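Step one of this worksheet: look at the structure below.
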Amino acid sequence: MKYNFTEIEKKWQSYWDEHKTFAATQEDSKEKFYALIEFPYPSGDGLHVGHARPYTAMDIVARKRRKLGQNVLFPIGFDSFGLPTENFAIKNKVHPADVTKRNITRFTEQLKALGYSFDWDRAVETTDPAYYKWTQWIFIKMFEKGLAYKQKMPVNWCPSCNCVLANEEAQGGVCERCGSPVVRREKSQWMLKITEYAERLLDDLDTVDFIERVKVQQKNWIGKSTGASVTFAVPETGDKLTVFTTRPDTLFGVTYMVVSPEHALVEQWLTSGAIKNAQEVTAYRDAAARKSDFERTETAKDKTGASLDGITAENPANGEKIPVFISDYVLATYGTGAIMAVPGHDTRDWEFAKVFGLPIIEVVAGGDVEKEAFTDCETGQMVNSGFLNGLAVSQAKEKITAWLEDGGLGHKTVNFKLRDWVFARQRYWGEPIPMVYCEHCGYVPLPESELPLVLPQVENYEPTTTGESPLSKMTDWVNVKCLKCGHAAKRETDTMPQWAGSSWYFLRYADPKNSEALASKEALDYWTPVDWYNGGMEHTTLHLLYSRFWHKFLYDIGVAPTAEPYKKRTSHGMILGADGQKMSKSRGNVVNPGEVIAETGADTLRLYIMFIGDFEKTAPWSPDAVKGCRRLLDRIWNLTETRRGGDDFALSKTHEKSVNRTIKKVGEDIEAMKFNTAIAALMSLVNEFYGQGADPSRGDIRTLLSLLSPFAPHIAEELWQIQGFSGLASTAPWPEYDETMLSDNDIPIAVQIGGKLKTTITVAADADEQAVIAAVLSDEKITRLAEGKELVRTIYVPGRLVNLIFKG
RNA sequence: GCUGGUGUGGCGGAACUGGCAGACGCCCGGGACUUAAAAUCCCGUUCUGGCAACAGAGUACCGGUUCGAUUCCGGUCACCAGCACCA
């Protein structure tokens, strides 16, 4: 008989809702556990199976911890600002707020249909003015501390979205959202000084329990490198050209210098006429400016550039005069935007030197610099380097750095790849930046009393191609009096990026209704930090890094109680389509969770999505394999329904150790996120109950249902009630296992001859080595195989195996 | 190019700290029940040879350490992800 999942699942979802079974209430005496998943962006497509995997996983953890007696906070909300909503709204001529409302309603229904144990009373929406009041408040605090600033600079511009992008959103030179090639534009932008936190964002990774690949990826993104800055004199103009290098030891090998096309000195030298071939240099500079980032990386191998005739630099180490070039292989945004070129020991410089016929000097012996650059730092010895000759690279680095410092020619320097965060978007559907610009006073933040600065209703919120926000057309909203001096002033019309609201939402969950503060101190002290945060790898260098930065800032100003927001971070693999390809509408391989629920129930979907494979790895969806999970539930239903108290139960030969082992295994597997093997263990136990019978008097059924309940909460709850157990399966204590019940009296021992398995014998668990070997040697098969051979060695691994080595 | 990861039956995947490879599930084959089918229950299911007992091979590939290697070491190949002229 199959169970009626539709009815049962609705019944218990309503029950949990009405009774607020999973509401989190602060109880200072109780141990808290804060489980967090990344709140969804409520897109028009509805919930995706990609959401179900991490959400189900953390729901299982939350449900288990609750049963362990911990005070669990497992909240949900909506990251509801964002471009797709705005684009949909423009296309269909509706207001983004209406679209958002509709999508959130739909998401809420879908999330509830999956039976997640969220505390719905704490749900937050980033588009709610009562919420984004505090997003704006944090921005103002950052402005006050000098961490938010406006600056004209080259930015990533997506010509399709008509919007600037953060570096993190423009990886690989294409727009993260729409895939269009990103171009460079000069624009005055709001920036957040995340670089000021670079060192701490890096160092504090050692204090948190993040999976290794997350740490590695953040470390690489922050990209710390230690070296020296070195100053070269330009005798023709009297300027100083400063470079950053990680190889100061190679200073004697510098044969030319390169500055980026955007370097300020180039502009200066062009204006002053110091550059003799101004036409050529200007042409090169313009061509570089026209290239998109994508084109720049495409042509990365072919070095191009132009020499700056009339400009030379003086090597501080040996006083030699060397030529200076501009080339776009030198980035304006890293280091000083200029390099000292050491073609003998840097691959890129070597390539450039070959194209331009520049001298290559060997200063570290060990390679052949005529064939290729020798970049090994470990083995080489300094040559052609004056007072550095004979030293190892590492010693030379120290010696030359000290020498530069003594002579005032340079010093030890640390550089980061991390760039400041472009924090403005020229779009409508985002948090307004609460700033007013006055000709006399500059940028003036709104006072807290005027927050939230609510997004005004506009007629037309289509993006402009000029790079102005749609809000700029709202003249009566834009034109205000300066808050300081009263003169005419203008509001900032750019809005915040999507990442703003999600950078602190986990703090709001602690106290979501607070109108006096982003959350009360008591609530934050009790609930934060987040104990366990699971989310996608795609957010590692975006949301995860951004929110760590905001949290550190909030910690610094005394709002957040801890230096790090998340104690533990785990990550799930993607679910692919049945064809092994990434799910997408165009491929037609998208699995809609709603359809699966309708067909086979939420409990089955939850089970399958956890059984599908290793949680951390990508896994293809398999419609057939879902059946196995459905069968498990039917078998449990029939086990407890039709066989209840029947003859099968009377057998009750299932050994107590099986039950105890399953309790241990399922509990440990949940903590290790090995959900697939936890479910396999449940399947095995059910198989055993079918074969041997379950003993209700021992509580076998109760234990099974309790273990099942985090995975398949609805059916567990229903059967719990049918069995007449008191309370709810969801809140009943997690079963305990008896340590003494885990091992057998008789254990199997593998018997090998020369490392090859020949047979298996059973011995008493407390048998000693002698007894086991005696048993092995008296085994009929072993006797036969051993005949006429001399036993030269026996290896005995207690409880595992015996390996016999024969001669002849 | 750099960084990280992965490679196990027809398929998804198991395997503690070097100790019985393939748990669990899907597919498939057989049986029971049924007038029949579906569902359900039971059995089998890495490959090769054999009716079978059994024998041999086998964890991407080549080699090494070891009584014993999916696991450790060296090398090769393939795939996935991230970064990418970061000086």
Side-chain angles (χ1 to χ4, degrees), chain A residues 1-2 171-173 212-221 223-225 227 243-248 250 258 260 296-297 299-303 327-331 333-342 345-349 351-352 375 415-419 537-538 540-541 573-574 580 607-608 611-614 616-629 631-632 634-635 638 642 668 674 676-684 686-687 690-691 748-760 781 792-806:
Chain A
M1 199 182 83
K2 291 196 165 192
Q171 295 173 14
E212 200 50 33
R213 53 191 175 133
V214 169
K215 286 192 183 184
V216 167
Q217 222 168 291
Q218 287 210 347
K219 271 181 198 160
N220 289 346
W221 187 257
K224 179 178 178 173
S225 48
V243 300
F244 170 73
T245 178
T246 54
R247 297 292 303 275
T250 60
V258 188
S260 68
R296 279 199 183 194
T297 49
T299 56
K301 282 151 217 134
D302 312 317
K303 296 283 177 289
S327 171
D328 63 3
Y329 89 89
V330 172
L331 304 175
T333 49
Y334 184 76
T336 62
I339 61 151
M340 58 180 224
V342 187
H345 305 282
D346 181 283
T347 314
R348 297 149 302 178
D349 296 345
E351 287 166 0
F352 189 87
T375 56
N415 242 297
F416 294 94
K417 280 198 229 175
L418 187 68
R419 300 269 73 86
M537 283 308 289
E538 70 275 18
T540 302
T541 53
M574 214 194 319
L607 268 182
Y608 175 63
F611 188 62
I612 196 165
D614 186 331
E616 289 200 16
K617 293 189 190 137
T618 55
W621 182 266
S622 162
D624 282 338
V626 178
K627 282 184 237 169
C629 293
R631 257 175 223 155
L632 173 70
D634 281 334
R635 274 162 79 80
N638 291 331
T642 61
E668 288 175 355
K674 293 167 78 175
N676 52 342
T677 50
I679 292 166
L682 288 172
M683 286 171 169
S684 295
V686 170
N687 289 345
Y690 263 75
I749 297 284
V751 182
Q752 298 178 338
I753 292 178
K756 293 214 174 217
L757 181 72
K758 292 298 168 190
T759 187
T760 304
K781 187 170 175 186
V792 289
R793 194 175 163 193
T794 58
I795 291 117
Y796 170 64
V797 183
R800 295 269 183 201
L801 59 68
V802 171
N803 189 11
L804 306 173
I805 316 297
F806 288 102

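Residue numbers begin at 1 in each chain, while the letters A, B, ... track the order of the sequences. All values derive from a computational prediction rather than experimental measurement.
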Of A:Ala681 and A:Gly335, the one whose closest nucleotide on RNA chain B sits nearer the 5' end is A:Ala681
- Task: Look at the side chain of A:Asn803 and the backbone N and O of A:Gly755, then say whether any donor-acceptor pair between them is shorter than 3.5 Å.
- Result: yes
For this session: Using the P atoms only, state how far B:rA23 lies from B:rC62, rounded to an integer number of Å.
Result: 26 Å
Touch class at under 4.0 angstrom, heavy-atom based, for A:Val797 against every strand present:
base
Out of B:rC26, B:rG4, B:rC85, minimum distance to the side chain of A:Val216 belongs to B:rG4
Subject >> A:Arg213/A:Glu616 ion pair, N-O < 4.0 Å >> reply: yes
List the steps and the verdict of side-chain contact (heavy atoms from CB on, under 4.5 Å) for A:Leu757 and A:Val751. CA-CA 6 Å; A:Leu757 181 72; A:Val751 182; 5.8 Å; no
One should read off an interatomic distance between A:Asn676 CG and A:Asp614 CG, to the nearest 0.5 angstrom, of 6.5 Å
Rounded to whole Å, CG of A:Leu682 lies from P of B:rC24 at a distance of 14 Å
Requested in this report: Write down the distance separating the C1' atoms in B:rC73 and B:rU66, rounded off to the nearest Å.
Outcome: 12 Å
Would you confirm whether A:Asn638, through its side chain, and A:Asp634, through its main-chain N or O, come within 3.5 Å as a donor-acceptor pair? yes
**Prompt:** If you look at every strand shown and take non-hydrogen atoms under 4.0 Å, does A:Asn687 touch a base, only sugar-phosphate, or nothing?
**Reply:** sugar-phosphate
request  = Decide side-chain contact (heavy atoms from CB on, under 4.5 Å) for A:Leu804 and A:Arg793; before the verdict, give the C-alpha distance in whole Å, the side-chain angles of both, and the deciding distance to 0.1 Å.
outcome  = CA-CA 6 Å; A:Leu804 306 173; A:Arg793 194 175 163 193; over 6 Å; no
*Can you check side-chain contact (heavy atoms from CB on, under 4.5 Å) on A:Thr333 and A:Arg419, steps first, answer last?*
CA-CA 8 Å; A:Thr333 49; A:Arg419 300 269 73 86; 3.9 Å; yes
**Asked** Which part of the nucleic acid, if any, lies within contact of A:Thr540, taking any heavy atom under 4.0 Å across all strands shown: a base, the sugar-phosphate backbone alone, or nothing?
**Response** nothing
note: A:Ile339, atom CD1; B:rA87, atom P; distance rounded to Å ~ 11 Å
Atom CE of A:Met537 and atom C1' of B:rC80 are separated, to the nearest Å, by 13 Å
Ranking B:rC20, B:rC27, B:rC42 by distance to the side chain of A:Thr760, first place goes to B:rC20
Assigned chi class of B:rG9 under the 90° convention is syn
Polar atom pairs between nucleotides 63-68 of chain B and protein, under 3.5 Å, N or O only, would you list them?
unit_1	atom_1	unit_2	atom_2	d
B:rC67	OP1	A:Arg793	NH1	3.3
B:rC67	O2'	A:Asn803	ND2	3.4
B:rC67	O2	A:Asn803	ND2	2.4

**Spacing of the C1' atoms in B:rC67 and B:rG18 (rounded, Å)** = 12 Å
Pick the P atom in B:rU17 and in B:rC54, then give their distance to the nearest Å. 33 Å
Does A:Arg213 place a side-chain N or O at less than 4.0 Å from the phosphate oxygens OP1/OP2 of B:rU3?
-> no
Checklist entry - Do the side-chain N or O atoms of A:Lys756 get closer than 4.0 angstrom to the phosphate oxygens (OP1, OP2) of B:rC20? => result no
message = Whether the side chain of A:Gln218 engages the backbone of A:Thr540 through a donor-acceptor N/O pair (distance < 3.5 Å, no angle test) should be reported.
response = yes
Start with the C-alpha distance between A:Arg635 and A:Tyr690, add both sets of side-chain angles, then the distance that settles side-chain contact (heavy atoms from CB on, under 4.5 Å), and finish with yes or no. CA-CA 9 Å; A:Arg635 274 162 79 80; A:Tyr690 263 75; 3.7 Å; yes
The ring-ring contact (aromatic ring centres under 6.0 Å, His included) partners of A:Phe352 (sequence neighbours excluded) come to A:Tyr256, A:Phe325, A:Tyr329, A:Phe356
Taken in chain and number order and not counting sequence neighbours, the residues that satisfy side-chain hydrogen bond (donor to acceptor under 3.5 Å, both in side chains) with A:Thr677 are A:Asp669
When rounded to whole Å, the CG to P distance for the pair A:Asn638 and B:rA39 reads 15 Å
query: When you compare B:rG30 with B:rC79, how far apart are their P atoms, in angstrom units rounded to a whole number?
result: 40 Å
Heavy-atom nearest nucleotide on RNA chain B taken for A:Ile749 and for A:Gly337; more 5' hit belongs to A:Ile749
Sequence neighbours excluded, the answer for side-chain contact (heavy atoms from CB on, under 4.5 Å) partners of A:Pro623 is A:Ala578, A:Trp621
With B for base contact, S for sugar-phosphate-only contact and - for none (protein heavy atoms under 4.0 Å), nucleotides 11-16 of chain B reads -BSSSB
For RNA chain B, the dot-bracket notation using Watson-Crick and G-U wobble pairs below 3.5 Å, [ ] for pseudoknot-type crossings and | for other-strand pairs, is (((((((..(((......[....))).(((((.......))))).((((....))))..(((((..]....))))))))))))....
Applying a 4.0 Å non-hydrogen cut-off, can you work out what A:Lys417 is touching in the nucleic acid: base, sugar-phosphate, or nothing?
base
Say you pick atom P in B:rG75 and the same atom in B:rG5; how far apart are they, in whole Å?
16 Å
A:Gln218 CD to B:rU3 C1', in whole Å, measures 15 Å
In this structure, NE2 of A:His345 is separated from OG1 of A:Thr250 (nearest 0.5 Å) by 7.0 Å
Side-chain N or O of A:Tyr690 less than 4.0 angstrom from OP1 or OP2 on B:rC42? no
Rounded to whole Å, the CH2-C1' distance (A:Trp221 to B:rC2) equals 15 Å
Please measure how far the C1' atom in B:rU40 lies from the corresponding atom in B:rU46, and state the result in whole Å.
29 Å
| request: Quote, to the nearest angstrom, the P distance that separates B:rG13 from B:rG19. | output: 24 Å
Between CG of A:Asn220 and P of B:rG5 the distance, given in whole Å, is 12 Å
To the nearest angstrom, the NE2-P distance between A:His345 and B:rA87 comes to 17 Å
Distance col, row A:Lys219:NZ vs A:Lys417:NZ, nearest 0.5 angstrom, shows 14.0 Å
